[in-house]
Amino acid sequence: MPENTLILFKTIFDQSPVSTQIFTLDGETFLVNKSWETLWNVKFSELKFYNILKDTQLVESGVMPYIKRGFKGETVTIPATRYAVPYRWLSARMYPIKNENGKIEFIVIQHEDITEVLDAEKEKHTFVSIIESSDDAIISKTLDGIIHSWNKSAESLFGYKAEEIIGKHITTIIPPSLRHEETEIISKLKRGIRIHHYQTVRLGKYKNLIPVSLSISPVKDRNGHIIGASKIARDITKQKNAERALRENEERLRLALDAGKIGVWDWNVEHNTLIWTDNVYLIHGVTKKFKVTVENFIDLIHPEDKQKVGQAIDKTLKKGVKFNIDFRIVTPKKQVRWVTTRAIVLYNDNDQPSRLLGATSDITERKQMEQDKSDFLSMASHELKTPITSMKMFVELLHKSLSDKKLEKPLYLASRIKDQTNKLKELVNNLLDVSRVETGKLQLNKESFDIVTLVQETTEGLQGSMKNKIVIKNQDPIFVLADKYRMYQVLVNLITNASKYSAADQEIIVSIFKKGQTAVVSVQDFGIGISHDNHEKIFDRLYQVADPAEKTFPGLGLGLFISKEIVKRHKGKIWVESKKGEGSTFSFSLPLHKK
Ligand code: ADP
């Protein structure tokens with residue numbers, strides 16, 4: 001062996017890129033090389049009393065079993081942090097050095113730092129599992145368009161298994177009519193441009209078209225050269241369907257609004273801004289040049305209806321009352337139109353009303369028809385009134401002269417005509433009253449009188465021609481300030497109804513009493529009664545309970561409507577308590593006259 005062999009080996013040992021450490025069997029470090037010092041970032045000369053057997057980290061990490069097993073040259077991966085070195089992954093290889101007698105004298109440990117290799121592998125693993133678990137189809141391809149990878153979601157979205165499609169051209173999943181897209185995409189990618197959420201359609205295995213949103217990024221090699229593309233395809237079938245459903249709904253709504261000529265408006269109360277749809281402009285007779293503001297809208301409201309509209313808006317915003325109102329507007333061409341408007345309030349996060357969302361439609365035609373009808377009613381009843389009054393007078397005269405001459409048969413006929421004429425007169429009076437109520441022309445001539453006396457007089461008048469016995473309860477005078485004739489009319493209506501809807505042997509009880517600041521008159525019968533759900537409706541115009549048992553009773557359903565209007569005009573109330581088959585009690589109240 002040449003003399004300088006030792007120096008030679010020492011140099012090779014020092015220059016070896018593998019960190020090497022030699023121990024005695026007692027665990028004392030005998031020799032280390034440069035790589036060892038670099039790995040652990042420590043100078044061997046500065047290192048005192050290092051004993052491998054006391055190095056808990058090595059012991060715990062599994063080096064110990066190898067020492068014990070006799071150093072068969074196995075390799076073990078150990079995590080290690082020591083001295084100034086942060087957490088590293090090391091691969092450790094150990095072997096013994098024996099003397100001539102075969103006895104172990106030294107132990108060699110060689111460490112290799114494999115942290116980077118492990119990290120890269122871990123990263124790859126995480127990356128692969130992310131790709132596999134993604135809900136989006138993730139595909140990679142070369143710049144020539146050859147499919148290179150294909151994840152699970154791509155399998156379920158397009159129907160091709162990875163092994164079926166990898167190696168095939170990307171145009172396999174592009175509909176023929178959209179092939180040009182691929183050229184454009186590739187040209188963008190070559191310039192390093194990413195593509196975000198590009199909505200298009202792709203072709204599935206079963207020639208099914210799949211709406212997708214594509215995000216495509218270039219894939220680069222180590223040197224930054226673009227070598228392919230990764231593509232994320234998101235299935236947007238549901239989104240597309242939802243969009244279509246929304247569009248169709250909007251379309252239908254628009255159609256309905258157009259057909260009904262309904263305009264929609266949105267008033268942001270907080271910012272005081274107003275938005276109109278086209279129909280609102282049409283309804284108000286203004287062009288699109290009209291500046292839509294709350295103030296300009298108010299200008300279009302008929303002067304007589306401004307207050308009414310203002311109050312309704314106030315009530316809606318302050319009390320949440322439904323906004324449902326008919327009012328007149330005057331177009332710039334001075335045309336008066338009737339509109340009906342409904343709106344709802346939308347509230348902000350603090351529960352304060354923030355918007356009023358409404359729909360408006362033109363009801364001029366309907367209002368005109370209603371007006372025509374009520375004009376006709378009013379005119380017809382007026383015209384009928386005069387001949388009927390004369391007829392009534394002549395019939396009475398005829399009746400009297402026949403009666404004087406004791407002509408029984410003609411007398412009987414004349415009295416029938418008299419009855420029918422009275423009924424006709426009553427009917428015409430009722431029709432007249434209805435038209436008065438509707439045009440707001442029901443005049444009241446109020447005076448102070450004793451309502452008890454009025455009840456007594458009315459009852460006496462009716463009793464003669466009535467099958468039922470009428471009983472009056474309470475005779476003490478109660479004064480009210482009211483229109484006496486109209487009150488008489490209400491009493492007649494209630495008492496004749498009581499008789500009409502009960503049997504001849506059933507009594508009618510009329511009670512008059514004070515309740516608080518009001519006088520209450522109740523008319524009780526023991527007749528057919530009224531079911532609960534009809535209690536409100538019977539006070540409506542022309543409403544009659546639709547019951548076969550009642551078909552036999554004549555009437556138009558006007559009496560209670562007129563009575564209610566009369567009582568209402570007196571600031572009183574009218575109501576009914578009744579059960580089907582158990583008779584009814586109709587009552588009304590009037591404010592007392594405070595003298
Ligand atoms: P009508 O001329 O039909 O009697 P009203 O307006 O006076 O018109 O009454 C409306 C309806 O209320 C009647 O058709 C009847 O169905 C019901 N009604 C009114 N009074 C009574 C009563 N005392 N008992 C039972 N039903 C009644």
Side-chain angles (χ1 to χ4, degrees), residues 373-374 377 380-381 384 388 419-438 442 455 458-459 461-463 465-473 485-512 520-570 572-589:
K373 223 168 62 189
S374 101
L377 193 70
S381 34
L384 284 167
I388 288 170
D419 287 349
Q420 294 307 316
T421 315
N422 279 336
K423 282 203 176 123
L424 197 59
K425 189 181 154 228
E426 202 184 307
L427 198 65
V428 170
N429 279 341
N430 275 343
L431 287 177
L432 248 180
D433 282 344
V434 169
S435 94
R436 282 187 187 123
V437 165
E438 285 183 343
L442 190 81
V455 170
T458 311
T459 313
L462 288 171
Q463 187 68 85
S465 59
M466 194 163 283
K467 52 189 182 23
N468 311 66
K469 181 167 183 279
I470 309 171
V471 181
I472 301 177
K473 289 199 173 159
Y485 168 70
R486 293 296 176 190
M487 282 305 131
Y488 164 78
Q489 208 180 336
V490 174
L491 279 169
V492 170
N493 180 239
L494 295 187
I495 297 169
T496 46
N497 273 352
S499 160
K500 193 155 83 174
Y501 299 104
S502 55
D505 56 348
Q506 289 170 321
E507 275 187 347
I508 295 168
I509 303 171
V510 185
S511 328
I512 316 108
V520 178
V521 181
S522 286
V523 180
Q524 185 180 15
D525 68 58
F526 301 90
I528 62 170
I530 304 159
S531 65
H532 193 265
D533 40 320
N534 279 316
H535 284 191
E536 296 260 334
K537 294 184 210 151
I538 50 171
F539 293 100
D540 289 347
R541 191 179 69 155
L542 297 175
Y543 189 84
Q544 290 182 298
V545 176
D547 190 322
E550 294 195 24
K551 286 261 157 58
T552 47
F553 301 105
L556 272 184
L558 293 177
L560 286 179
F561 170 71
I562 296 166
S563 300
K564 183 181 84 179
E565 291 302 321
I566 291 172
V567 173
K568 234 166 65 180
R569 288 286 307 276
H570 282 88
K573 276 195 192 128
I574 186 163
W575 67 96
V576 64
E577 292 150 284
S578 175
K579 264 194 195 156
K580 190 121 194 92
E582 292 180 21
S584 318
T585 305
F586 280 85
S587 312
F588 65 91
S589 64

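Order of listing sets the numbers, starting from 1, for every ligand and every atom in it.
Minimum heavy-atom separation, Asp525 to Gly527: OD1-N, 2.9 Å.
When each atom of ligand 1 is checked for a heavy atom of Lys500 under 4.0 Å away, the hits are 1 (P), 2 (O), 4 (O). Per-residue contacts place Leu560 under 4.0 angstrom from the following atoms of ligand 1 (heavy atoms of the residue considered): 5 (P), 6 (O), 7 (O), 9 (O), 10 (C), 12 (O), 19 (C). Against a heavy-atom cut-off of under 4.0 Å, Leu558 is close to the following atoms of ligand 1: 6 (O), 8 (O). Atoms of ligand 1 lying under 4.0 Å from any heavy atom of Asn493, numbered from 1 in the order shown and given with element: 7 (O). Interface atoms of ligand 1 facing Phe586, defined by a heavy-atom separation under 4.0 Å, are 19 (C), 20 (N), 21 (C), 22 (C), 23 (N).
The shortest side-chain heavy-atom distance between Phe539 and Val567 does not fall under the 4.5 Å cut-off. Residues Met487 and His570 are in side-chain contact: their nearest non-hydrogen atoms beyond the backbone lie under 4.5 Å apart.
Here His532 contributes atom NE2 and Lys580 contributes atom NZ; the two are 14.0 Å apart, rounded to the nearest 0.5 Å.
Residue Phe539 places no heavy atom under 4.0 Å from ligand 1. Heavy atoms of Gly527 come nearer than 4.0 angstrom to ligand 1 in no pair at all.
Side-chain contact of Asn429 with Gln489: a donor-acceptor pair under 3.5 Å is absent, judged by distance alone.
Ion pairing of Glu426 with Lys423 is absent here, as no side-chain N (NZ or NE/NH1/NH2) approaches a carboxylate O to less than 4.0 Å.
By the criterion of a heavy-atom distance under 4.0 Å, the side chain of Ile530, and not its backbone, is placed next to ligand 1.
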